[in-house]
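Chain naming here is simple, since letters A, B, ... match the order of the sequence lines and numbering starts at 1 in each. Heavy-atom basis, side chains included; hydrogens, waters and symmetry copies ignored.
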Amino acid sequence: MNRLPIDEILPEFLTAVKTHSAIVVQAPPGAGKTTRVPLALLADSSFNNQKILMLEPRRLAATNAARWMASLLGEEVGKTVGYSIRFERKVSAATRIEVVTEGILSRRLQTDPGLAGVGVVIFDEFHERSLHSDLALALCRDAQQGLREDLKIVVMSATLDAAPIAALLGNAPLITSAGRTFPVNLRYLPREAEGRLPETVAAAVHRALNETEGDILVFLPGAGEIRRCQRLLENSGDGQSPLICPLFGDLPFDAQEKAILPASRRKVVLATNIAETSLTIEGVRVVIDSGFCRQLRFDPASGLNRLVTVRVSAASATQRAGRAGRLGPGICHRLWTEHIQTTLIPYAAPEICTSDLAGFALDLALWGVGDAASLAWLDPPPVAALAEGRALLKRLGALDRQGLITESGRRMAGLPVHPRLAHLLVEGGRRGYGTQACDMAALLTERDIFRYTFSSGHRPVSDSDMLDRVEALGEWRKKGGGGAMPDGVDSTACRAVDRVSRQLRSILGIKDSFLPCSVETAGLLLAWAYPDRIARQREPGSARYLLVNGRGGKLSERSALGDNPFVVAVAMEGGERGDGVIHLASALNIDMIRKECAGDIAWQRLVVWDGRQGRVVAREEERLGAIVLDSRQITPSADETTAALLQGISEGQGLASLNWTQEAVQFRSRVCFIARCFPDEGWPDLTIEHLGRSLEAWLGPYLAGIKTLTQLSNLDILSPLKNMLSWEQQRMLGGEAPTHIVVPSGSRISLDYAQDGPPVLAVKLQEMFGLADTPTLARGTVPVVLHLLSPARRPIQVTRDLRSFWNSVYPEVKKELKGRYPKHPWPDDPWNAAPTRHTKKR
DNA sequence: CTCTCCCT
């Protein structure tokens, strides 16, 4: 065997395995860890007759690793070295190394927590941090500490963040190996690119084609950008244009192969993240990295996933650049500046932090763990997502009220699908729709069998109806799984769906032949899986729906499903706010909803204020969650009406919607004034804030018979306000905070009780002749503020000391105004002049 | 410009 960098550290590794229960191996790509580490353990005598399990994140990686190790031993796969992946198992009694994928390991741990006969479990590529590998490591560690102290755990990681893993595993020894790749020359943009991504990328491709040799691999976030970029590159083609190959997961197999295999012409591969780790493309010397990728984020608040386009992590950018250095020295053009590079997050958030945790929660419940905190996590599962997952499991009957797994939950956990689909399968089997349930679950698990055919512009009849897919799958079977399918149906995807459906049938023990699925059956099955996404059309003919869970969803405009008043939204992407996008749905009928959801449907009496109509409305609604199935008018009781009215007032314009006459306004101010003067004398609180809060208490009794805004605006609120005072208080108010004051001229003048501060008496100067003392209120404690006015009611002086006004200010005032108002009296001696509101002539 | 990528 040729020497690999990993060979340097194998002796140290073997020593560590003997003295520690967990070891972390850190080795970059090209070190050879995937084949050498298991073989070294096999050759060591300490694990005689015990099995070595190695976890790989992908099926292809698992089979390749097993084949390569077997060939190094000069054997066939399935002898000493074997593998188990979904649908395929190559092991024998002689097998000592078994390479498995993630789901297999979780399942094996769940059925045999002691991992009988296994000496070592190796987690390869652990830095990818898939939800499954995090869970499997936590369960393994739990098993090791509780049941199997002799079990060894080896975690292998390619990146430099292995130290926290070592700490998690009880300060496990961390052994680092060198790697073997060629240097890659990194080139950044001088300044941040403007304009849209595909344009920027296309320009970079043109530059690279002129300046460098070799095939070019371009990383873009998604299929949309790839298509646009492809169009730009093809349209600008000169005679020598290179081969442009799109590459993304939903592409049919032959198109993917065309992108991967060497070509006779120079090649430009436009790829998503698929080329970052899973697929290796031959002949690449140049990488162009747009710096963005798409991620699915689970939003616990809506219970929906959302696709977001985000900047890649620094680790991901390194991995992408490394793709140019597999043959020899390479070049990587990063379409961002060196400054942006310093702002990239070091590693992408692990799946456990961003995913739907329903299936994860079911696995924990099956393991018998109620509190996730009792297991060891590098990043603990987020509380909100876990709670959302558990709530869904309860709704699906997988957990009981205490959160313990039910019998049905155990059956669901044994099915290799999301808990929603597991429920569909269990319920479907029980009710005699087993084969249709398997097809439906398989269609939803695997890649969509409908393909968008961009070149021909042809589309399937409806792009969002689940039933169309069920029927297309039936057609495909009728043709014996081959033959020409209608444009837009992907035969490869049909085969994958059929395979999963058959596996599910075998697990469930279903032997019936495949049966067609009616629209009713399809709706029924999907309502079991998505009870919270049953939806009602908002208006006839509208593409907008309201879901049982209160969210809004919008079907694509051309979807033929838009004729249905009820649908179940299957694949749905939550919007930031407002309506989400319903990608897949199925029609439902109201009778089926009434029957299947009977337990969740209730008639609800509703007496509420309708702000738009400005009146109390009363009806009874048949509700399923947020959606209304039926409703009818009712006659509300007096109490209900009052309560609705009060709610309408406080939710609407508040006190402003009441009839505030001048008298009522003044009354309220007077009481507030006197309450401020005598805070300890038990005056009621008539501030706006308090009145708003205590509507029911003071206004409630006066609302009998009032149902509309018009009636409300005719209600005199002076009486309710007055009745908040005792008779004694009302009498005292009249004396100490009167509405008016009689001035020397004999006029009764209204007092202005301001919000804070003393009340104001605005009066013509001539009406006050002879008065020395400023009038007072509140048992003589508060002099009013006099606004002395000219005959034309212009303010002349503000004072609270009338005596000194007559003595010192009046002579000046007189001089100034006498000429302007000659018809009015301006006596030299105001003390002895007759007060008057009239001119001199009288 | 619909929808990144894996796995039981």
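- Counting any heavy atom pair closer than 4.0 Å across all strands shown, L307(A) reaches a base atom.
- Rounded to whole Å, atom C1' of dC3(B) lies 15 Å from atom CG of D490(A).
- Nearest nucleotide to the E102(A) side chain, out of dC7(B), dT4(B), dT8(B): dC7(B).
- Here L364(A) contributes atom CG and R390(A) contributes atom CZ; the two are 6.5 Å apart, rounded to the nearest 0.5 Å.
- Among the atoms of the strands shown, base atoms are found under 4.0 Å from some heavy atom of G224(A).
- Among the heavy atoms of the strands lying under 4.0 Å from I85(A) are primed sugar atoms or P, OP1, OP2 only; no base atom is included.
- Considering every non-hydrogen atom in both P416(A) and L504(A), the closest pair reads CD-CD2, 3.9 Å.
- If you check residues 354-369 of chain A against DNA chain B, you find no residue with a heavy atom closer than 4.0 Å.
- Using a 4.0 Å heavy-atom cutoff across all strands shown, R231(A) reaches no nucleic acid atom at all.
- Residue P198(A) is the one, among F87(A) and P198(A), whose nearest nucleotide of DNA chain B lies closer to the 5' end (criterion: closest heavy atom).
- Taking both residues in full, the closest heavy atoms of L362(A) and G409(A) are given as CD1-O, 4.0 Å, listed atom of the first, atom of the second, then distance.
- Summarising the geometry, the separation between CG on L220(A) and C1' on dC1(B) is reported as 13 Å, rounded to the nearest angstrom.
- For dT2(B), neither phosphate oxygen OP1 nor OP2 lies less than 4.0 angstrom from any side-chain nitrogen or oxygen of S464(A).
- More than 12 non-hydrogen atoms from other residues, nucleotides or ligands lie less than 6.0 angstrom from CZ of R311(A).
- R297(A) contributes no side-chain N or O that forms a donor-acceptor pair with the base of dT4(B) under 3.5 Å.
- Summarising the geometry, the separation between CZ on F123(A) and C1' on dC6(B) is reported as 17 Å, rounded to the nearest angstrom.
- Between K51(A) and E98(A) a salt bridge is recorded (basic side-chain N to carboxylate O distance below 4.0 Å).
- The residue S106(A) sits apart from the nucleic acid: no heavy atom pair falls under 4.0 Å.
- Nearest to the side chain of T272(A), among dT2(B), dC7(B), dT4(B), sits dT4(B).
- Within the 4.0 angstrom heavy-atom criterion, base atoms lie near V417(A).
- Salt bridge present: R502(A) and D498(A) bring a charged side-chain N and a carboxylate O closer than 4.0 Å.
- A salt bridge links R320(A) with D289(A); the closest basic N to acidic carboxylate O contact falls under 4.0 Å.
- With rounding to whole Å, D124(A) atom CG is found 14 Å from dC7(B) atom P.
- In this structure, R58(A) places its CZ atom 12 Å from P of dT8(B), rounding to the nearest Å.
- When the C1' atom of dT8(B) is taken as reference, atom CG of L425(A) falls 13 Å away, rounded to whole Å.
- Atom CG of D448(A) is separated from atom P of dT2(B) by 15 Å (rounded to the nearest Å).
- Residue R196(A) has its side chain nearest to dC1(B) when only dC1(B), dT4(B), dT8(B) are considered.
- The 5' end of DNA chain B is approached more closely, in terms of each residue's nearest nucleotide, by N273(A) than by the other of N273(A) and S84(A).
- Side-chain nitrogen and oxygen atoms of T277(A) include none within less than 4.0 Å of the OP1 or OP2 phosphate oxygen of dC6(B).
- In this structure, R107(A) does not reach the dC7(B) phosphate: none of its side-chain N or O atoms is under 4.0 Å from OP1 or OP2.
- I274(A) comes within contact range of the sugar-phosphate backbone alone, with a heavy-atom separation under 4.0 Å but no base atom that close.
- With Y545(A) as the aromatic partner, R538(A) does not meet the cation-pi criteria of under 6.0 angstrom to the ring centre and within 45 degrees of the ring axis.
- Between dC3(B) and H583(A), a contact under 4.0 Å exists linking OP1 or OP2 to a side-chain N or O.
- Checked for salt-bridge contact, D532(A) and R420(A) meet the test: a charged N lies under 4.0 Å from a carboxylate O.
- Taking only side-chain atoms of R294(A), from C-beta outward, the nucleotide of dT2(B), dT8(B), dT4(B) with the closest atom is dT4(B).
- Regarding R228(A), its CZ atom lies at a distance of 7 Å from the P atom of dC1(B), rounded to whole Å.
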